[in-house]
Structures are given as structure tokens and as C-alpha cells.
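Step one of this worksheet: look at the structure below.
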Amino acid sequence: MTSAAFTLILTGLKYLFGVPVMVDSTLRHSSVQASSPRVVTRFAPSPTGYLHIGGARTALFNWLLAKKTGGKFILRIEDTDLKRNTPTATQQVIDDLRWLGITWDEGPEVDGPNAPYFQSQRRETYDKYIRQLLEQGRAYYCFESTEELGQLRGQAEAQKKGFIYQRPAVLPTEKDVEKAKAEGKPVTIRFAMPEGTIIINDLVRGEVSFNTAELGDFIIIKSDGFPTYNFACVIDDHLMGITHVIRGQEHLMNTPGQQALWQALGFGNPPQYAHMSVTISESGGKLSKRERPQTLRKAIKARTDTDFNLNELAGVGGLSADEMKDFLKGESVPDVPAIEAMAKYLGISLPEINVVDFFKSGYIPEAMVNFIALLGWSTGDTREVMPLDELIAAFDITRLTKSNSLFDRGKLVAYNTEHLKMLPKEKLLAHFKAYLKIVDSPVAKADDETLLRLIKICEGARTLADIEHKTKFLFTADDRIEFDEKAVQKVLLKDNGLAMLKLVRDKLAAMAELTEQGIEDMLRALAEEHKVGLGKVAQPLRVAITGSTISPPIFDSVQMLGKERTLKRIDNAVQKFADTK
RNA sequence: GGCCCCAUCGUCUAGGCCGGUCCAGGACACCGGGUUUUCAACCCGGCGACAGGGGUUCGAAUCCCCUUGGGGCUACCA
């Protein structure tokens with residue numbers, strides 16, 4: 001691991017209202033490892049929704065590092081933005097992490113010495129440090145409204161300059177605060193950024209330097225009294241003894257500010273940072289949960305058919321006409337359930353972004369974790385498909401890639417196929433049952449023994465959804481089979497398919513007991529007798545009992561369906577298509 | 001616009017720090033063939049990349065600079 005964690009260089013003699021901030025000094029911090037041998041990492045999501053792929057990747061890398069080094073992994077909920085928090089989000093994130101197999105040593109539901117793990121419950125702690133900063137003149141009050149700030153920003157933009165908050169020549173006093181409050185002005189607190197150059201030594205990017213003059217004084221306490229991310233994160237990382245912070249590149253620009261804060265608070269050595277590359281989606285930018293509503297919006301706009309009723313769709317989503325209008329204009333985004341209901345109504349599938357989306361599509365966590373781990377990281381040799389323990393053993397934080405990577409669903413499918421083959425049967429059974437439950441499949445009715453058999457006869461399946469689709473016919477009523485038109489045309493109505501089906505029926509009816517072997521012998525004999533390939537006799541049978549040309553091996557399919565039901569389905573098919581051409 | 005990051009097959013990547021062993025390796029995808037009761041799986045083969053331009057050097061995918069392209073951030077969000 002790299003030695004110097006970071007270097008803060010401040011040039012010149014700078015005074016902040018009489019208080020010397022830093023005098024032309026170069027502070028070198030020794031290796032984090034030297035002072036704290038045990039690695040402590042964390043995943044700190046904000047509870048605004050489901051865990052998405054990007055978050056899962058961040059959590060995974062932090063978890064992997066902790067596991068690899070025998071360290072500790074903490075889950076901390078950054079719920080300081082009351083407006084954005086959604087009530088069930090924390091539970092959703094917890095469920096998603098558990099599904100992936102990512103467990104935490106400290107955090108919600110398991111607790112630990114650093115409790116509470118919800119930032120909204122740590123107000124006193126932040127208050128203590130903010131007082132310290134205020135007293136030292138390293139933080140100061142501000143009273144501008146959002147509108148005023150917006151105006152200043154607009155002016156800067158008009159001049160093609162970046163907006164930097166101008167620190168007042170004389171800092172507001174407590175008296176000014178009282179006055180502002182009396183006048184109903186919002187009160188926020190900004191960090192007084194010291195002047196100079198901050199160099200961060202990133203585990204994946206190397207040295208990156210920033211001029212603090214271009215960063216400006218950022219807000220650390222909001223007008224509602226809650227800390228902003230940049231402040232709370234620094235306090236908690238310090239208090240919780242975090243040694244390594246692995247996060248997305250989108251946080252790179254926050255790092256100098258956080259390090260300066262770390263320094264100002266006298267926290268000593270900051271953690272080692274590793275800014276991962278970003279995961280890009282097929283459509284271009286950062287993989288984002290916005291893609292689902294965007295896809296839906298596009299689909300709605302693409303509907304030009306006359307019988308399509310927009311109001312009806314709005315009703316499905318529980319939206320008013322105005323809300324629908326806003327959504328289409330891109331001004332608002334409905335809830336997840338509303339989005340999903342509308343997508344279902346339109347019969348379109350939304351891109352999988354959240355971890356649950358993949359669960360519902362039939363992917364297994366082992367494959368997800370393996371695939372996500374290889375997005376921006378590699379072993380260095382040619383190993384790719386690996387079980388979890390091997391992944392942990394192979395993990396090396398210094399091998400993270402610098403460049404962004406595209407989330408390729410095709411490759412995920414390939415990984416899922418491999419893991420489906422590798423996984424012990426009991427584990428697969430558990431995954432399959434969970435899957436059947438979440439998609440509310442009729443197959444869920446089957447007992448474990450049957451389920452295990454279904455898994456076995458679907459060997460080579462790519463997803464759990466494949467297994468479900470292939471075997472659902474067993475749990476459908478005999479007269480409710482949905483026939484695939486193409487399959488009927490090609491298999492039953494052509495080449496005497498129906499005639500062959502009748503022959504098969506008679507042979508089957510004559511069999512005392514159905515075994516896979518018996519069925520196979522019978523079908524093969526029939527094919528030979530008529531000098532045709534097995535396909536010619538098997539396919540009509542397959543279509544008759546499943547309605548489609550896709551099914552598990554025919555011998556198993558028939559055996560599992562049973563003689564009575566098979567005959568009934570053959571009769572139904574013969575009757576149904578006898579007069580069709 | 002400003003600041004920051006990145007750049008090898010369509011995609012994920014190995015190699016780059018320690019320049020020659022790389023006319024660039026693997027995987028997915030794709031194409032062709034095989035196996036076959038369907039789909040999937042499986043087997044064999046093929047296509048396919050060092051963004052461009054300048055340097056440095058006997059020699060550059062590897063080091064330096066520029067251009068171009070992509071991405072991130074630019075909130076009283078995290």
C-alpha cells in the first residue's frame with residue numbers, strides 16, 4: 001500500500017481575521033497502516049431508494065477490502081437530507097445488501113461501539129465540532145437565501161466563471177445571527193477554506209492537486225441545522241476510525257474540502273482514499289436510477305397509436321393529469337411503484353438498475369457480486385468467474401482501474417450462467433424459491449424435491465427466469481395452455497405433426513407406467529418406425545403439452561406431467577387444431 | 001464555461017510504474033462449423049484494439065507534450 005496518505009501544502013502566510021491559519025508549511029502524514037493496523041471501511045448510503053448497481057459496487061469493494069485484510073466493515077446511514085429520505089429506503093438497502101451477501105460488523109440492526117449509525121441521530125456530535133470550528137474562526141455564519149445564492153451563481157455563469165462564495169471581510173457574530181433569525185433569514189455555516197494547494201494521494205489516481213481558491217467556502221451546516229454530507233462524513237469517518245474510503249470518482253472533488261476539514265479539526269491522519277472509476281450505462285453517462293423513468297417517458301412519448309389513452313395510463317400510476325404532464329416534460333418523477341405499474345401496463349421492460357431489479361430478472365447474487373467486482377478491477381491473471389471466497393482472496397485494492405467501464409448486461413448473463421452451474425444445489429434451491437416468491441410464480445407451489453428436479457432438468461439455463469419459464473407448464477391448468485402461434489404452425493400443422501401426435505398419444509396411452517426411459521424408448525422406436533428423426537415425433541408432443549417449442553428435455557417433461565395430464569393436453573391440442581390449416 | 005479524471009478488440013480487461021520476450025493475451029458478444037428431442041448448455045474455428053499528431057530513444061502500447069474524444073463535479077444532495 002502507498003505510504004504517504006496525503007500531503008497538505010499551504011503556501012504563504014495566511015491569516016483568517018487575525019488568526020493564523022497555516023504558516024508556509026508542508027505537513028506530511030505517515031502511512032495510515034503504521035498508526036492503525038486494522039483496516040476499517042464503511043459503506044455510507046443515503047436512504048433515498050433501493051440499492052443500485054453503483055452503490056452495490058462501492059459497498060462491495062469496501063467489504064472486499066475489509067474481508068481480505070481481516071478488517072471491519074461498517075454500514076452507516078447518511079440521512080441528513082430530510083427532504084430526500086424515503087421511509088422504507090433503509091430497510092430496502094439492508095435487504096439488498098443482505099441478498100448480495102454483504103454483511104456488516106457495525107451498523108443498523110447489528111449495532112456496535114460507534115452507535116448510532118444514523119447521522120440524523122448524531123446531531124450533538126456534529127454540534128460539538130461545529131462550535132470548535134466557529135470558535136477558531138475556521139467556520140462562519142451566512143445568511144443568504146437560496147434565491148440570492150442562485151443569483152450570484154447566475155452572474156458568475158454569465159461571466160463564464162465558476163461561482164466562488166465571497167467570504168465577508170468581517171465575519172458575522174452571534175449577535176448578527178440573532179438579528180438574522182429575527183428577520184427570518186436562513187442561517188447556514190460555511191467552512192473557511194484555507195488558501196493553498198491540496199494534494200490528495202489517491203490509491204487509484206495517484207497524486208491529484210487542487211487549488212483551494214477554486215473550491216471556495218462550502219456549507220457545512222444547513223439552515224435546518226443538519227450537517228451537509230461533506231461535514232458529517234468527516235466527523236464520522238474520524239470517530240469510527242475509518243482507515244480506507246473507497247468511493248466513486250464523483251467524490252473526487254469533495255476530497256480536498258474534506259481533507260482540509262479533517263486538518264482543521266485536528267483529526268490527524270485522514271483515511272486513504274481510493275476513487276473508483278464510474279460505471280457507465282449503455283446510453284452514455286453514469287449508470288443512474290433515473291434511467292428507469294427515462295425509459296418509461298420515452299416509451300410513452302413514442303406511443304402514437306390512436307387507441308392509446310394517456311389518462312388511463314396516468315390512472316394506472318395513480319397520477320393526476322398534471323402530474324403526468326410534468327413527468328412527460330421531465331419536470332418530475334413519480335414513485336417507483338407508479339413507474340413500475342405504468343411500465344407493466346404498457347408491456348415494456350425497464351432497464352435493470354437497482355439490485356432488486358436483477359433479483360426479479362432471475363440473476364443470482366453470486367453472479368452479481370462476481371460481475372460487479374470485475375467492473376473496474378481484475379485479478380491480473382485470467383481468472384474471471386469465481387466463487388466469493390476466491391474473490392476475497394484475490395482482491396487487491398491497488399489493482400483498481402482508472403478508466404470508466406460500461407455495464408454490459410450480456411456479460412452478466414454469461415456470469416450468471418456459470419454461477420448457476422457452479423453453485424451447490426441447496427443454495428440454488430434457496431435462490432430459486434426466493435425468486436419464485438418475488439415474481440409470484442405458480443411454480444412456487446412445488447415442493448423442494450420437485451424444485452430440485454426442475455433445476456436439474458433445466459441444466460444450462462442462463463437465469464432463474466429461464467427455469468421458471470421452461471417449467472411453468474407443469475403448474476398450468478391443462479385447458480389453459482397458451483399456444484405459441486409460430487410453434488403450432490411449424491410443428492403441428494406442418495409435416496403431419498398432428499398425425500404423428502395422435503400416434504404418440506396411442507403409444508403413450510398403452511403404457512402402463514411412465515418412466516423417462518420408457519418414454520424415450522417409445523419415442524425413439526416410433527421415430528425409427530417412421531424413418532424420421534426424433535425431433536419429428538418429440539416436437540409435436542412438446543408443443544401439445546407446453547404450447548411452445550421450448551421446454552426441458554421431453555422425456556422428463558412428459559414423465560413429470562404424468563400420463564393423465566399429458567393425454568388430456570394432447571387431446572386438447574388435436575381437437576383445437578384439427579380443423580386449422 | 002470553470003475545475004478534475006480517463007483513453008488497448010463492439011464490451012470488460014491483461015500488459016504500461018521496471019521501453020525490446022506484444023506483428024498485443026484472456027473473457028463476453030458476434031460470425032462459421034460440430035453435437036443434438038426444442039431452447040439453453042457444450043466442443044472446434046474465425047473476426048477483432050494500442051484515438052490522432054509530435055517528441056525522447058538504437059527501439060514505445062509502455063515515458064513526455066499537444067490535439068481530439070469520453071466521463072465526473074460545479075447544490076443549504078449525498
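Small disclaimer: the values here were computed from a predicted structure and weren't measured. Just so it is clear: chains get the letters A, B, ... in the order the sequence lines come, proteins before strands, and each one is counted from 1.
With a cut-off of 3.5 Å on both Watson-Crick or G-U wobble distances, the partner of B:C3 is given as B:G72.
Checking A:D381 against A:T379 by side-chain atom types alone, a donor-acceptor pair falls below 3.5 Å.
Rounded to whole Å, the C1' atom of B:U67 lies 25 Å from the corresponding atom of B:U74. For the C1' atoms, the distance from B:C58 to B:C50 is 22 Å, rounded to whole Å. Here the separation of B:U8 from B:C4, taken at their C1' atoms, is 24 Å to the nearest Å.
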Under the ring pair (Phe, Tyr, Trp, His ring centres under 6.0 Å) criterion, do A:F358 and A:Y415 qualify, and how do the steps go?
CA-CA 13 Å; A:F358 291 92; A:Y415 276 52; over 10 Å; no
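Remark: P of B:A41 and CD1 of A:I467 are 13 Å apart, rounded to the nearest angstrom. Computed from coordinates, the A:L400 CG to B:U13 P distance equals 11 Å when rounded to whole Å. Atom-to-atom, CD of A:Q155 to C1' of B:G2 comes out at 17 Å; the value is rounded to the nearest Å. For the pair A:I200 CD1 and B:C4 P, the interatomic distance rounds to 12 Å; values are reported in whole Å. Atom CG of A:L375 is separated from atom C1' of B:G71 by 15 Å (rounded to the nearest Å). For the pair A:H275 NE2 and B:C4 P, the computed distance is 15 Å after rounding to whole Å.
Residue A:R247 is classed as having no contact, given no heavy-atom separation below 4.0 Å to the nucleic acid.
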Nucleic acid footprint by protein, nucleotides 72-78 of chain B - heavy-atom cut-off 4.0 Å, B for base, S for sugar-phosphate alone:
BS-SBBB
I'd like to compare against my own output: the B/S/- annotation of nucleotides 29-36 of chain B with a strict under-4.0 Å heavy-atom distance to protein.
S-------
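Closest to the A:V208 side chain, of the nucleotides B:C4, B:U13, B:C39, is B:C4.
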I'd like a table of donor-acceptor pairs (distance under 3.5 Å, sequence neighbours excluded) in which one partner is a side-chain atom from residues 521-530 of chain A, with atom names and distances.
residue : atom : partner : partner atom : Å
A:D521  : OD1  : A:Q517  : NE2          : 3.1
A:R524  : NE   : A:E520  : OE2          : 2.9
A:R524  : NH2  : A:E520  : OE2          : 3.0

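Residue-to-nucleotide contacts include a donor-acceptor pair under 3.5 Å from the side chain of A:E384 to the base of B:G26.
Listed pair A:K402 / B:G71 fails the phosphate criterion, with no side-chain N or O lying under 4.0 Å from OP1 or OP2.
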